[in-house]
Visitor: 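Sending over a structure as C-alpha cells; questions will come in a sec.
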Amino acid sequence: MNGKHITKLGFENKAIGLALSAANVREGAGAGRNEILAELKAVKGHPQAYAVGGVYAELAAHLLAENAKNAVKKGVALHESPLPYRVWGEDLIEPGARAQMDVAMRLPISRDGALMPDAHVGYGLPIGGVLATENAVIPYGVGVDIGCSMMLSVLPIKATDLSVDEAKSLLLKHTRFGAGVAFEKRERDDHAVLHEQTWKSQPILGHLYDKAAAQIGTSGSGNHFVEFGTLTLHQPDVGLEAGEYLAILSHSGSRGFGAQVAGHFTGVAHKRHPNLDKAAQKLAWLPLEEEDGAAYWEAMNLAGRYALANHDLIHARLARALKITPLAQARNSHNLAWKQLVNGQELIVHRKGATPAGAGQLGLIPGSMADPGYLVRGRGNPDALASASHGAGRQLGRKAAANTLNRKDVQAYLKQHGVTLIGGGIDEAPQAYKRIQDVIARQSDLVDVIAEFRPRVVRMDTGSEDV
DNA sequence: ATGTGC
C-alpha cells in the first residue's frame, strides 16, 4: 500500500496521510490491499457512517469537515431557517408542500417566495410554489412540463348552437392526445415558433426540432385537456358584452420537447451541485451568468413559446373546422421562470403551477374535468410576487385517487354536472382535486374573477384506469 | 408530463 493507491481514490492533502496510516493499521491486522481500498472508498463515499469510531474515524471526521468547508465555499449550504413567505389557503395545503417550500426558502440563492392555495407536493419545488432567486434558475423550480399553459377562445356561436355530438366529433377529429403522439405528416400545421433561429443555437434544441415540429398542436396526457364549454361573463369586459358564450378552453404544455429539455438541464444542474444538501438536491440551480444557465434560460423560453404556439394551433384547428374566428382570446403560462422586479431588485421568479397575476393581467384558472374554470384579472399583489393558483390543485395523488375512487363516482359526478367526457382516467377524477370554489375564495386579494367557464364536452388522454 | 426505465 502506498500513496499512489490512495490518491487514485481521490484523497487529497491531509486526507492522504490519514488514509495511509489507517491503511497501515488495517494491514497490520491482516487485511488485504483490495479489501482496504474498498473500505477507503466506502469511507470517502459515506464519511458520516465511519466518523463515530473505529480505525477510519479520524479520516472520516477530516473528510466531513472538508466537505462542509467546500459546501460553504461553493455556496451550497442551506440557511438554517427559511426566509419568511406568505401562504394563501393554508387550510387547504398539505404539510408536505409547506415542508418543500421551507426547504426552497433556505437556498442561498432564494430571496422571496409565496405559496398558492392549490399547492401540493411536487419534485423539488411544490406545485403552487412561487420562488424568487438571484441570478440563478432552478430547472425543477419550473417543472418537467416547461411552459405548461392555458388558453381560452370565446366563440361567436351561442352555447346552445353546438350539440354535444358535434362537439364530440370535432374534438375527436381535430385534437390528438397521449404520450408520444404527433400529428400525421399531412395533418401538420406550421407556426412561426418553428422558424426561430433559436433552434440552431444549441445542439439539444437542434436534436429535438423534428420531434417538436411533429408534435406541435397536440395535447399530451395527464391533466391536459381540450374542452368546449359555456363562458359566463358577469360584466362587459375583454371587448365583450356581458352574457353567455360558447368557448374553448385548453390545458397543454411543451410535450416531448420540453420534457427532454427539462430532463437534460436537471442533470446538468445536479452535476453542478454535487454537494448540495440532500434535502435540496432536486432544487439544484444554474447560475445565469454561466454558459449552462444561459443555455437553460434560452431553451426554457423557447419551450414556453412553443407551448403557447401549441395552444394556438389547437384552437386554430377547431376554429377552422367551425368556420369561425374567435371573438376574444386569453392565455397564460403557469410553469416558467420570469425576470421580475421584486422590491426594486431584478430577480428570477419561478412559478411552478402558479398563474402570473400582475395588475390587470388576464389569467385562466381551471377547476377539474367537471368543475368550472375562471378567467381572472391579476391584482398585482406584491406579497404573492404577483401570482395566483394555477388550478384547483390535487387533493389526492394519482395512486391515492385510483385506490380510493371508482368509475361510478366519476360517472355520477359528470352526469350531475352535465359534462360529457372523451377519454379521461380515474386519477383525473374531479374528486381527486380540491374544490375550485374554495381555492378561488382563498385568493380574492390576488385576482378578480371576470368570467366563469363551465365545461360541457371534455377530451383528455385515456388514463391509467378508465372512467 | 414524457414515452422510459427501476
Side-chain angles (χ1 to χ4, degrees), chain A residues 100 118-129 138-151 175-184 204-205 207-226 250-270 281-282 296 299-300 302-311 314 332-337 350-355 366 368-369 390-394 396-402 423-429 432-433 458-465:
Chain A
Q100 285 190 314
D118 59 340
H120 56 97
V121 170
Y123 286 112
L125 193 66
I127 316 299
I138 304 170
Y140 261 135
V142 169
V144 175
D145 189 5
I146 301 173
C148 187
S149 39
M150 296 296 305
M151 180 161 165
T175 67
R176 295 289 182 280
F177 279 79
V181 299
F183 265 105
E184 307 76 16
I204 185 175
L205 300 181
H207 292 146
L208 292 171
Y209 180 82
D210 287 346
K211 184 198 245 323
Q215 293 195 317
I216 199 164
T218 63
S219 293
S221 61
N223 56 8
H224 289 174
F225 61 77
V226 180
S250 58
H251 180 206
S252 184
S254 52
R255 311 290 288 105
F257 162 51
Q260 296 216 17
V261 167
H264 171 72
F265 284 100
T266 295
V268 173
H270 202 92
Q281 259 170 12
K282 285 201 163 66
Y296 175 74
M300 177 201 78
L302 179 61
R305 293 192 295 276
Y306 174 84
L308 292 178
N310 223 7
H311 284 278
I314 290 168
N332 72 266
S333 309
H334 54 223
N335 282 10
L336 211 64
H350 303 72
R351 291 190 182 84
K352 186 189 193 181
T355 304
S368 77
M369 56 166 72
H390 84 308
R394 281 195 166 274
L396 298 173
R398 294 186 180 280
K399 278 179 206 156
I426 199 81
D427 48 350
E428 286 298 326
Y433 284 85
V458 180
R459 185 173 185 192
M460 302 185 83
D461 186 29
T462 311
S464 56
E465 199 179 317

Visitor: Could you state the CD1-P distance from A/Ile216 to B/dT2, rounded to the nearest angstrom?
Guide: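 Computing the A/Ile216:CD1 to B/dT2:P distance gives 14 Å.
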Visitor: State which residues pass side chain to side chain donor-acceptor pair (under 3.5 Å) with A/Ser254; sequence neighbours excluded, sorted by chain then number.
Guide: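 Partners of A/Ser254 by the side chain to side chain donor-acceptor pair (under 3.5 Å) criterion, ordered by chain and then number, come out as A/Asp145.
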Visitor: Can you name the side-chain contact (heavy atoms from CB on, under 4.5 Å) partners of A/Ala262, sequence neighbours left out?
Guide: A/Ile146
Visitor: With sequence neighbours excluded, what pairs up with A/Ser221 under the side-chain contact (heavy atoms from CB on, under 4.5 Å) test?
Guide: A/Ala179, A/Asp461
Visitor: Within this structure, what is the CD1-to-P distance between A/Ile146 and B/dT2, rounded to whole angstrom?
Guide: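 Between P of B/dT2 and CD1 of A/Ile146: 12 Å.
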Visitor: Could I get the full list of side chain to side chain donor-acceptor pair (under 3.5 Å) partners for A/Ser333, not counting sequence neighbours?
Guide: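 Residues passing side chain to side chain donor-acceptor pair (under 3.5 Å) with A/Ser333: none at all.
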Visitor: Applying a 4.0 Å non-hydrogen cut-off, can you work out what A/Gly180 is touching in the nucleic acid: base, sugar-phosphate, or nothing?
Guide: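 A/Gly180: base contact, heavy atoms under 4.0 Å.
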Visitor: For A/His311, give me all partners under side chain to side chain donor-acceptor pair (under 3.5 Å), at least two apart in sequence or on another chain.
Guide: A/Ser149, A/Ser250
Visitor: Rounded to whole angstroms, how far apart are CD1 on A/Ile204 and P on B/dT2?
Guide: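 Whole-Å distance recorded here is 16 Å.
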Visitor: I'd like to know if the side chain of A/Arg394 reaches the main chain of A/His120, judged simply by a donor and an acceptor atom lying under 3.5 Å from each other, with no hydrogens or angles considered.
Guide: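 No, because the side chain of A/Arg394 does not come within donor-acceptor range (under 3.5 Å) of the backbone of A/His120.
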Visitor: Between C1' on B/dT2 and CZ on A/Phe257, what's the gap in Å once rounded to a whole number?
Guide: 14 Å
Visitor: Mind calculating the distance between CZ (A/Arg255) and P (B/dT2) to the nearest angstrom?
Guide: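 Between P of B/dT2 and CZ of A/Arg255: 5 Å.
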Visitor: Does any residue of residues 259-268 of chain A have a heavy atom under 4.0 Å from DNA chain B, and if so, which ones, in number order?
Guide: A/Ala259
Visitor: Could you state the NZ-P distance from A/Lys211 to B/dT2, rounded to the nearest angstrom?
Guide: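 Going from A/Lys211 (NZ) to B/dT2 (P), I get 10 Å.
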